[in-house]
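See structure below.
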Amino acid sequence: QVQLVESGGGLVQPGDSLRLSCTEASGFTLDYYAIGWFRQAPGKEREALSCISHSEGSTYYTDSAKGRFTISRDNSKNTAYLQMNSLKPEDSAVYYCAADRWVGDCAPAAFSSWGQGTQVTVSS
């Protein structure tokens, strides 16, 4: 069973940057898995940010992420990343990564394996 672990969250000030990491911890390779990054703020539904394909590394960004966030993956490290720049207070949320062998949409329902989440708080 795929086990994902997010890391890199924390408390930062507006305008700061963070890079989140998502690592597969049970020995499965992510080479053939699409990876997605999502977030959920208190009282809000889970929101898609970005997805990256398994084949050519094609990327997709939602409006919330485009221009400030960058998704990437390093298959040699079995890890995916989300680089977040120019963070704003409204970016505060629990950030999740997810993986699935077959993904048609960059949406939470398309992913079967999820990490535990990492808290990102943007506050002055």
Side-chain angles (χ1 to χ4, degrees):
Q1 185 174 5
V2 173
Q3 295 182 3
L4 303 177
V5 179
E6 301 96 335
S7 62
L11 174 62
V12 297
Q13 294 184 329
D16 284 354
S17 297
L18 281 174
R19 188 176 75 160
L20 306 182
S21 298
C22 173
T23 299
E24 207 294 312
S26 65
F28 286 85
T29 179
L30 295 178
D31 288 3
Y32 300 105
Y33 285 77
I35 305 294
W37 282 100
F38 306 83
R39 69 185 181 190
Q40 188 165 21
K44 305 293 184 180
E45 68 180 26
R46 192 161 297 187
E47 173 189 22
L49 296 171
S50 182
C51 293
I52 186 167
S53 71
H54 65 276
S55 57
E56 303 294 333
S58 299
T59 58
Y60 171 83
Y61 297 92
T62 66
D63 289 342
S64 296
K66 186 172 295 185
R68 295 189 299 124
F69 297 178
T70 303
I71 192 171
S72 62
R73 66 192 300 166
D74 185 344
N75 286 343
S76 70
K77 297 181 179 179
N78 223 20
T79 300
Y81 305 94
L82 184 69
Q83 176 68 44
M84 305 188 295
N85 298 326
S86 301
L87 286 164
K88 306 172 182 178
E90 54 262 42
D91 294 320
S92 297
V94 177
Y95 283 70
Y96 299 90
C97 68
D100 203 282
R101 180 68 177 83
W102 304 104
V103 172
D105 298 313
C106 187
F111 291 85
S112 59
S113 299
W114 292 80
Q116 83 290 343
T118 184
Q119 177 72 48
V120 173
T121 303
V122 185
S123 176
S124 58

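Values below: all heavy atoms of this structure, side chains included; hydrogens, waters and symmetry mates excluded.
- Between N78 and F28 the shortest side-chain heavy-atom distance does not fall below 4.5 Å.
- If you check the side chains of S26 and Q1, you find no donor sitting under 3.5 Å from an acceptor.
- Residues Y81 and I52 do not share a hydrophobic cluster, clusters being chains of Ile/Leu/Val/Met/Phe/Trp/Tyr side chains in contact below 4.5 Å.
- In this structure, S86 and S17 approach most closely via the heavy-atom pair N-OG, 4.2 Å.
- Between I35 and the options L30, D100, T79, a side-chain contact (heavy atoms from CB on, under 4.5 Å) holds for only L30.
- Sequence neighbours left out, the pairs with a member in residues 67-86 that pass salt bridge (Lys or Arg N to Asp or Glu O under 4.0 Å) are R68-D91.
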May I have the step-by-step check of side-chain contact (heavy atoms from CB on, under 4.5 Å) for R19 and L82, ending in yes or no? CA-CA 6 Å; R19 188 176 75 160; L82 184 69; over 6 Å; no
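- In this structure, F111 belongs to a hydrophobic cluster whose other members, linked by side-chain heavy atoms under 4.5 Å apart, are F38, V94, Y96, V103, W114.
- Taking the centre and axis of the six-membered ring of Y33, the NZ or CZ atom of R101 falls outside the cone set by 45° and 6.0 Å.
- The closest donor-acceptor contact from the side chain of S113 to the backbone of A98 lies at 3.5 Å or more, if one exists at all.
- Proximity of a side-chain donor or acceptor of S124 to a complementary backbone N or O of Q13 within less than 3.5 Å is not detected.
- Within the structure, every pair that satisfies the disulfide (SG to SG under 2.5 Å) test and touches residues 73-124, not counting sequence neighbours, is listed here: C22-C97, C51-C106.
- Counting heavy atoms from C-beta outward, K88 and V122 have side chains that stay 4.5 Å or more apart.
- The minimum heavy-atom distance linking A41 with S92 is given by the pair CB-O, 3.7 Å.
- Between the side chain of T29 and the backbone N or O of D31, at least one donor-acceptor pair lies under 3.5 Å.
- Within a 6.0 Å sphere centred on CD of E90, other residues, nucleotides and ligands contribute more than 12 heavy atoms.
- A 4.5 Å side-chain heavy-atom check between T121 and Q119 finds at least one atom pair inside the cut-off.
- Side-chain contact between L18 and Y95 is absent, with no heavy atoms from C-beta onward closer than 4.5 Å.
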Yes or no on side-chain contact (heavy atoms from CB on, under 4.5 Å) for M84 and V120, after CA distance, side-chain angles and deciding distance? CA-CA 11 Å; M84 305 188 295; V120 173; 4.0 Å; yes
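- Side-chain contact check for S21 versus E6: every heavy-atom pair is 4.5 Å or farther apart.
- Considering OG of S72 and CD of Q83, their distance stands at 8.0 Å, rounded to 0.5 Å.
- Listed for the E24 side chain is a donor-acceptor partner under 3.5 Å among the backbone atoms of G27.
- The shortest distance between side-chain heavy atoms of I71 and W37 falls below 4.5 Å.
- Here L20 contributes atom CG and R39 contributes atom CZ; the two are 11.0 Å apart, rounded to the nearest 0.5 Å.
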